[in-house]
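Worksheet for the structure shown next.
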Amino acid sequence: MMDFLVVGAGIFGVCTAMALTERGHKVGLLNANEIPDPLAASTDISKVVRMEYGSDEEYMHMAIQSMSEWRLVNKLVGEDLYHEVGYLLLTGKEMTVDKQPYEWYSFENVLNAGFSPQRINSANLAMRFPAWAHDRYKDGFFHEVGGFALSGKAVKLLAKYLVARGVEVKESTPAREFLRESSRVVGVVTNKGEKITAGHVIVCAGNHTPVLLPELKPFMKITGHPVFHLKPRDPTLYLPECFPVFAADIAQTGFYGFPLHPTEGVVKIALHTEGLELDPVKDERVVFQEDIDRLRSFLRSSLPGLAEAPVVYTRRCCYTDTLDGHFWIDRHPQYDGLTVGSGGSGHGFKMGPVVGEMIASVAEGKSHKWSDRYRWRSLSAETVQKEEARYLANRKL
């Protein structure tokens, strides 16, 4: 019998399985669909890797450590999954604590952590990053430490690495329910009725976490966010050296994006907002015309060279949102042998290596230097979403 069974092979699941395997445990990994799962938040062609978290210094330090881990992952798989092309934060107003708090606190905290972000104004924006409408953005900064990870590919290659390390990986095998002996979870039952036993079960099931654990529904919701892949007429304007990963007044607009993808030849742009609440089982994850209209308006004002670029692919990326925007990592308070590692809340991919270590430690019955914040907790309708880069229409700046 395996020591740990991880349910869900997104970034949290594969990183948790890696951490446990490196600690000498016998591990199994179960995923409802193929890996990478086309419906998982971890999928798509890229995810942002940044340390800029506004006033939240704990997340900043978690991201700094995670970046180091991503560099090691590159060496581990012998391929660049993490591309350190830099992160550009632009603002239409002067970057002050009152007018642009996310960017201002991010800049100050990154400086205080010993890094060297470079302040950007309209003039040097025009010279260094010519795709941008320089008169639209008055302030901001560029930080060379940061970039993006090839998300779907990373999950796929890390799962392959786990197989080589002896992990039993089962694809297209949804978990239907838990096997219980009194108040202890001893495994899962799959949708085909197969019973898989383990000393401890870890749920890293993303959008399906509150489906498997309905007691989490009051504290989590699934929200969908539009993602667009555009085919630029002049690709040279969007190469990483002149068009890094960006956030454009993100706390007031939600828009962020990526340079020309190294293999797909597209520019990915997406929205990080309150999103559209969805049922992860029943609802279609489609992008609507109003989403495309919102994109076109942003492009006309900010990236005119993409204003008429064809949208060659769309998806609605579904976040597993906790009500406060923090991860949910803890042993179940009622059932022994069961740990939850979920609640990515739209900013979890970059943290995968660190979160995987944290979930592994909690599942072992240990603590982690950052685990207290993410324990099982009581949230209410009045709970405030905390992630400062995210645009929320009802948030007061």
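The structure displayed is predicted, hence computed values, not measured ones.
Aromatic ring pairs are classed by plane angle as parallel below 30°, tilted from 30° to 60° and perpendicular above 60°; the pair His272 and His225 is tilted. Classification of the His200-Phe4 ring pair by plane angle, with boundaries at 30° and 60°, yields tilted. Aromatic ring pairs are classed by plane angle as parallel below 30°, tilted from 30° to 60° and perpendicular above 60°; the pair Trp370 and His368 is tilted. Ring-plane geometry between Trp132 and Phe243 is classed as parallel, the angle between the planes falling under 30 degrees on a 0 to 90 degree scale with a further cut at 60.
No side-chain donor-acceptor contact under 3.5 Å links Ser301 and Arg296. Using modelled atom types, one finds no donor on one side chain facing an acceptor on the other under 3.5 Å when comparing Asn33 with Ser172. Gln118 and His143 form no side-chain donor-acceptor contact under 3.5 Å, judged by distance and modelled atom types alone. Between the side chains of Ser55 and Glu388, at least one donor N or O lies within less than 3.5 Å of an accepting N or O. No hydrogens or angles considered: a donor-acceptor pair under 3.5 Å links the side chains of Tyr59 and His326.
Without hydrogens or angle criteria, Asn207 side chain to Cys318 main chain gives a donor-acceptor distance under 3.5 Å. Looking at Thr91, its side chain does come within 3.5 Å of a backbone N or O of Lys93 through a donor-acceptor pair. Between the side chain of Ser297 and the main chain of Asp293, no donor-acceptor pair closer than 3.5 Å is present. Side chain of Asn112 to backbone of Glu108: a donor-acceptor contact under 3.5 angstrom is found.
Considering only heavy atoms from C-beta on, Asp321 stays 4.5 Å or farther from Ile222 through its side chain. In this structure, Leu230 and Ile269 have side chains that are in contact, with non-hydrogen atoms separated by less than 4.5 Å.
The line from CD1 of Ile45 to CD of Glu264 is 5.5 Å long, rounded to the nearest 0.5 Å. In this structure, Ile329 CD1 and Ile359 CD1 are separated by 4.5 Å, a value rounded to the nearest 0.5 Å. Atom CG of Leu5 sits about 10.0 Å away from atom CG of Leu179, to the nearest 0.5 Å. One distance of note links CZ of Phe327 with CE of Met358; it measures 7.5 Å at 0.5 Å rounding. The NE2 atom of His61 lies 10.0 Å from the CG atom of Asp56; values are rounded to the nearest 0.5 Å. With values rounded to the nearest 0.5 angstrom, Arg285 atom CZ is found 12.0 Å from Leu276 atom CG.
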Item to complete: I would like to know whether Ser361 and Arg23 meet side chain to side chain donor-acceptor pair (under 3.5 Å); could you show each step before the answer?
Response: CA-CA 10 Å; Ser361 293; Arg23 299 177 193 188; 3.2 Å; yes
Fill in: Worked check of salt bridge (Lys or Arg N to Asp or Glu O under 4.0 Å) between Glu274 and Lys221
CA-CA 11 Å; Glu274 65 271 21; Lys221 59 183 179 178; over 6 Å; no
Practice prompt. Could you please spell out the steps behind the salt bridge (Lys or Arg N to Asp or Glu O under 4.0 Å) verdict for Arg71 and Glu84?
Written response: CA-CA 9 Å; Arg71 296 182 193 108; Glu84 200 153 41; 2.7 Å; yes
Discussion item. Does Cys242 form a side-chain contact (heavy atoms from CB on, under 4.5 Å) with Met127? I'd like the steps, not just the answer.
Written reply: CA-CA 9 Å; Cys242 59; Met127 288 188 293; over 6 Å; no
Worksheet item: What do the steps show when you test Lys268 against Asp44 for salt bridge (Lys or Arg N to Asp or Glu O under 4.0 Å), and what is the final call?
Response: CA-CA 10 Å; Lys268 173 182 165 180; Asp44 207 349; 3.1 Å; yes
Worksheet item: Taking it one step at a time, do Asp324 and Arg373 satisfy salt bridge (Lys or Arg N to Asp or Glu O under 4.0 Å)?
Response: CA-CA 11 Å; Asp324 59 7; Arg373 188 187 210 177; over 6 Å; no
Worksheet entry | Step-by-step side-chain contact (heavy atoms from CB on, under 4.5 Å) determination, Leu295 to Val311 | CA-CA 10 Å; Leu295 169 73; Val311 176; 4.1 Å; yes
Discussion item. Determine whether His332 and Leu213 satisfy the following criterion, side-chain contact (heavy atoms from CB on, under 4.5 Å), listing intermediate values before the conclusion.
Written reply: CA-CA 10 Å; His332 198 287; Leu213 292 166; 4.1 Å; yes
Discussion item. Checking Glu194 against Lys170 for the side-chain contact (heavy atoms from CB on, under 4.5 Å) test, could you report, in this order, the C-alpha distance in whole Å, the side-chain angles of both residues, the deciding distance, and whether it holds?
Written reply: CA-CA 12 Å; Glu194 179 186 5; Lys170 286 181 174 283; 3.6 Å; yes
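The hydrophobic clustering, which links ILVMFWY residues whose side-chain heavy atoms are closer than 4.5 Å, places Val77 and Leu162 together. Note on Tyr313 and Phe288: separate hydrophobic clusters, where clusters join Ile, Leu, Val, Met, Phe, Trp and Tyr whose side-chain heavy atoms are under 4.5 Å apart, directly or indirectly. Taken together through direct or relayed side-chain contacts under 4.5 Å among Ile, Leu, Val, Met, Phe, Trp and Tyr, Leu306 and Leu260 form part of one hydrophobic cluster. Connection of Val6 to Val355 is established within a shared hydrophobic cluster, with ILVMFWY side chains joined at heavy-atom distances below 4.5 Å, either directly or through further cluster members.
Remark: of the listed residues Val188, Val169, Val201, Val188 is the sole one forming a side chain to side chain contact (heavy atoms under 4.5 Å, CB included) with Leu30. Of the options Phe246, Phe115, Phe107, a ring-ring contact (aromatic ring centres under 6.0 Å, His included) to Phe141 is made by Phe107 and by none of the others. Among Tyr102, Tyr137, Phe255, the single residue meeting the side chain to side chain contact (heavy atoms under 4.5 Å, CB included) criterion with Asp249 is Tyr137.
Atom CD of Glu144 has 12 or fewer heavy atoms from other residues, nucleotides or ligands within 6.0 Å. Taking a 6.0 Å sphere around CD of Glu181, one finds it holds 12 or fewer heavy atoms contributed by other residues, nucleotides or ligands. For Glu177, the CD atom counts as densely surrounded, since its 6.0 Å shell holds more than 12 non-hydrogen atoms of other residues, nucleotides or ligands. The neighbour count for Glu168 CD, taken as heavy atoms of other residues, nucleotides or ligands under 6.0 Å away, does not exceed 12. Residue-environment remark: NZ (Lys138) exceeds the threshold of 12 foreign heavy atoms within 6.0 Å.
Other members of the hydrophobic cluster containing Val211, listed by chain and number, are Val281; membership follows side-chain contacts under 4.5 Å among ILVMFWY residues, whether direct or relayed.
Remark: aromatic rings of Phe219 and Trp328 are close, center separation under 6.0 Å. Ring to ring, His229 and Phe258 are not that close: their centroids are 6.0 angstrom or more apart. Checked against the 6.0 Å centroid criterion, the rings of His347 and Tyr53 qualify as a close aromatic pair.
Ion pairing of Glu387 with Arg50 is present here, as a side-chain N (NZ or NE/NH1/NH2) and a carboxylate O approach within less than 4.0 Å. Ion pairing between a basic and an acidic side chain is recognised when a charged N comes within 4.0 Å of a carboxylate O; Arg331 and Asp336 show no such pairing. A salt bridge between Glu308 and Arg233 is absent, with no side-chain N of the basic residue lying under 4.0 Å from a carboxylate O of the acidic one.
With a 6.0 Å cutoff to the six-membered ring centre and a 45° limit on the axis angle, Arg294 does not count as a cation-pi contact of Phe298. Judged by a 6.0 Å distance limit and a 45° cone about the ring axis, Arg180 is positioned over the six-membered ring of Tyr335.
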